[in-house]
Amino acid sequence: MNPFKFSRAQSTPQAISLATAGGRFIAGGTNLIDLMKLYIEKPASLVDIKQLALDKIEVLPNGNVRIGTLVKNSDLAYHPLIMEHFPVLSEAILAGASAQLRNAASTGGNLMQRTRCPYFYDTQFPCNKREPGSGCSAIPGHNRENAILGTSDQCIATHPSDMCVAMAALGATINVQGPKGVRVIPFADFHLLPGQTPHLEHNLRPGEIITSVELQVLPFLAKSHYLKARDRASYQFALASAAVALDIQGGTIRSARIALGGVGTKPWRSIAAEQALIGKPANRATYQAAAQAALKGAKAYKDNGFKIELAKRTLVQALTKLGGAV
Ligand SMILES: Cc1cc2nc3c(=O)[nH]c(=O)nc-3n(C[C@H](O)[C@H](O)[C@H](O)COP(=O)(O)OP(=O)(O)OC[C@H]3O[C@@H](n4cnc5c(N)ncnc54)[C@H](O)[C@@H]3O)c2cc1C
Ligand code: SF4
């Protein structure tokens, strides 16, 4: 690990000013420290934000649920408001990592976690995300775990988070604060596609800190579910996952939310799949049509073609569990 300066911010403005001067936030440290030990991240200065009063889950006057950036993944998953109104979020978090990691990991850190592409972690190999312009080792190499949606000729790394897939389906908004004031970023705009600049992964501007994530309470989101397919039953990232919510009245789907994980270069909400469901009977044929729509445009690489069928089946199974199949 390279030497670095360490400071502990006592207030959000102080954290912003330390970050504007070149510091890098650290929350649970479960991703950043690993990357520093491997010389993938080399921040000269770390700003510990754990003292900030950003660790509450609360209902706002407009009825939205606000989740402070420092809320631990485990506290979020087991919070009564989340379990009641957004079971998909609770299930997604509990499908990830391990109990110990979830006890340390923060909401903001989870949003910002970096890919698990094996070549990103191995500094012996070229990687455009780690070193822009050096090349992508995964495209010609081993790419079984890599993405099939949102890829580019520069990078095909998946976004690894389970929590983010649920938040994409729930249509979360992200509150940030920076040197120029506060901003609200819709979830769909927070993570960036790799395009020609895979090292740019999110929409935060220099010095900006995530302060909270906000969720709108809609009755049908209480009927939601997360399903994750992976090589091992625990402590493993998704090969494919689906976050789904359905509003079914009289056997007809009135509203739907669909997002996929393990297959996209960012948490992958599929509006096309949602449109394929709305107004249709809640049955297997409808779910299969939605899966078809969700994976339209998927691009398979040498080792990961199986993910197209796996993602479709994962989505159909999640929808069947939630909506039943006539
Ligand atoms: C062995 C292992 C298995 C795992 N398995 C899974 C899994 O199956 N599914 C899954 O979803 N995740 C998994 N994870 C990832 C885990 O969820 C993340 O490491 C964790 O969520 C990161 O949170 P943190 O608070 O520790 O972030 P940190 O490591 O502290 O920070 C991560 C990044 O976020 C930035 N950051 C933190 N807070 C803020 C903020 N408020 N504003 C702006 N930037 C901020 C930091 O600067 C840093 O760049 C796994 C991790 C490990 C080590
Ligand atoms: S897929 Fe992305 S992260 Fe993986 S080697 Fe290629 S450029 Fe690097």
Side-chain angles (χ1 to χ4, degrees), residues 9 12 15-16 19 23-36 40-41 43 46-50 52 54 68-74 76 92-98 100-122 125-143 145-147 151-166 174-178 190 194 197-199 201-202 204-205 207-213 228 230 232 234-238 241 261-262 265 267 301:
T12 303
I16 293 166
R24 190 70 184 278
F25 300 128
I26 183 158
T30 61
N31 192 214
L32 185 53
I33 296 291
D34 282 357
L35 293 168
M36 287 171 68
I40 296 161
E41 298 263 24
L46 283 186
V47 182
D48 183 359
I49 57 172
K50 283 200 291 295
L52 306 184
L54 298 171
T69 190
L70 291 172
V71 172
K72 302 276 189 244
N73 287 184
S74 46
L76 183 56
I93 293 168
L94 295 176
S98 64
Q100 292 89 339
L101 283 160
R102 294 191 297 265
N103 283 340
S106 67
T107 304
N110 195 318
L111 286 167
M112 295 285 288
Q113 66 172 291
R114 306 199 70 190
T115 186
R116 295 281 157 171
C117 174
Y119 299 105
F120 175 72
Y121 276 81
D122 190 336
F125 287 90
C127 168
N128 284 325
K129 194 181 268 304
R130 190 171 12 84
E131 268 182 51
S134 62
C136 172
S137 299
I139 293 175
H142 172 82
N143 47 43
E145 290 82 21
N146 288 73
T151 56
S152 75
D153 62 354
Q154 299 295 305
C155 180
I156 60 170
T158 51
H159 192 277
S161 170
D162 293 295
M163 184 196 83
C164 288
V165 183
I174 300 174
N175 296 316
V176 307
Q177 196 172 328
F190 185 77
T197 52
H199 59 293
E201 298 174 343
H202 56 76
L204 286 185
R205 296 174 188 151
E208 279 186 334
I209 184 171
I210 299 165
T211 52
S212 63
V213 176
K228 177 174 177 179
R230 46 188 155 170
R232 271 197 318 261
S234 75
Y235 207 43
Q236 183 61 284
F237 291 89
S241 70
T265 51
Y301 293 83

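We number each residue from 1, following the sequence as shown. Counting convention: from 1, in listed order, for ligands and their atoms alike.
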So the atoms of ligand 2 within less than 4.0 Å of a heavy atom of K129 turn out to be 3 (S), 7 (S)
Decide, counting backbone as well as side-chain atoms, whether C117 has an N, O or S atom less than 2.8 Å from atom 4 (Fe) of ligand 2. yes
Checklist entry - Can a non-hydrogen atom of R130 be found less than 4.0 Å from any atom of ligand 2? => result no
Among non-hydrogen protein atoms, atom 1 (S) of ligand 2 lies closest to I156 N, 3.2 Å
Measuring from the heavy atoms of S137, does anything fall under 4.0 Å of ligand 2? yes
Polar contact flag, side-chain donor to acceptor under 3.5 angstrom, T211-N175
no
Within the 4.0 Å heavy-atom cut-off, what C164 brings close to ligand 1 is neither
Does even one non-hydrogen atom of R102 get within less than 4.0 Å of ligand 1?
no
min-distance protein heavy atom vs atom 25 (O) of ligand 1 -> S106 OG, 2.7 Å
Atom 8 (Fe) of ligand 2 sits nearest the protein heavy atom C127 SG, 2.3 Å
Taking 2.8 Å as the cut-off, does C136 contribute an N, O or S atom near atom 6 (Fe) of ligand 2, distance below it?
yes
among protein heavy atoms, the one nearest atom 2 (Fe) of ligand 2 is C155 SG, 2.4 Å
Atom 30 (O) of ligand 1: of G109, G29, G96, S98, the nearest heavy atom sits on G29
| message | Would you say Q113 and N110 are linked by a side-chain donor-acceptor pair, where the criterion is simply a distance under 3.5 Å? | response | yes
| query | Do any heavy atoms of Q100 fall under 4.0 Å from ligand 1? | reply | no
Of all protein heavy atoms, the one nearest atom 11 (O) of ligand 1 is D162 N, 2.8 Å
CA sep, side-chain torsions, deciding dist, call: I209, L52, side chain to side chain contact (heavy atoms under 4.5 Å, CB included) | CA-CA 11 Å; I209 184 171; L52 306 184; 4.0 Å; yes
Of all protein heavy atoms, the one nearest atom 39 (C) of ligand 1 is I49 CD1, 4.1 Å
For K228, the atoms of ligand 1 under 4.0 Å from one of its heavy atoms are 8 (O)
Of M112, R230, K72, the residue with the heavy atom nearest atom 34 (O) of ligand 1 is M112
Logged contact type for N73 with ligand 1, heavy-atom cut-off 4.0 Å, is side chain
If we number the atoms of ligand 1 from 1 as shown, the ones under 4.0 Å from a heavy atom of L204 are 43 (C)
Interatomic distance, CD@Q177 vs CD1@I16, rounded to 0.5 Å, equals 4.0 Å
Open item on the list: Using 30° and 60° as the class boundaries, would you call the ring planes of H202 and F190 parallel, tilted or perpendicular?
Closed with: parallel
For R24, the atoms of ligand 1 under 4.0 Å from one of its heavy atoms are 47 (O), 49 (O)
Under 4.0 angstrom from ligand 1, any heavy atom of I93?
no
If you scan protein heavy atoms around atom 5 (S) of ligand 2, the nearest is Y119 CB, 3.5 Å
At under 4.0 Å between heavy atoms, what of L70 touches ligand 1? The answer is neither
TODO: Check whether any N or O atom of A97, backbone or side chain, sits under 3.5 Å from an N or O atom of ligand 1, and answer yes or no.
DONE: yes
Logged contact type for T211 with ligand 1, heavy-atom cut-off 4.0 Å, is neither
ask   = Does even one non-hydrogen atom of R116 get within less than 4.0 Å of ligand 1?
value = yes
Nearest heavy atom to atom 46 (C) of ligand 1, choosing from F25, Y235, F237, belongs to F25
**Study point:** Note, V165 side chain near K228 side chain (heavy atom, < 4.5 Å)
**Key:** no
Exactly one candidate in Y119, F120, F125 meets side chain to side chain contact (heavy atoms under 4.5 Å, CB included) with D122; the answer is F125
Logged contact type for T30 with ligand 1, heavy-atom cut-off 4.0 Å, is both
for atom 42 (N) of ligand 1, nearest protein heavy atom and its distance come out as I210 N, 2.9 Å
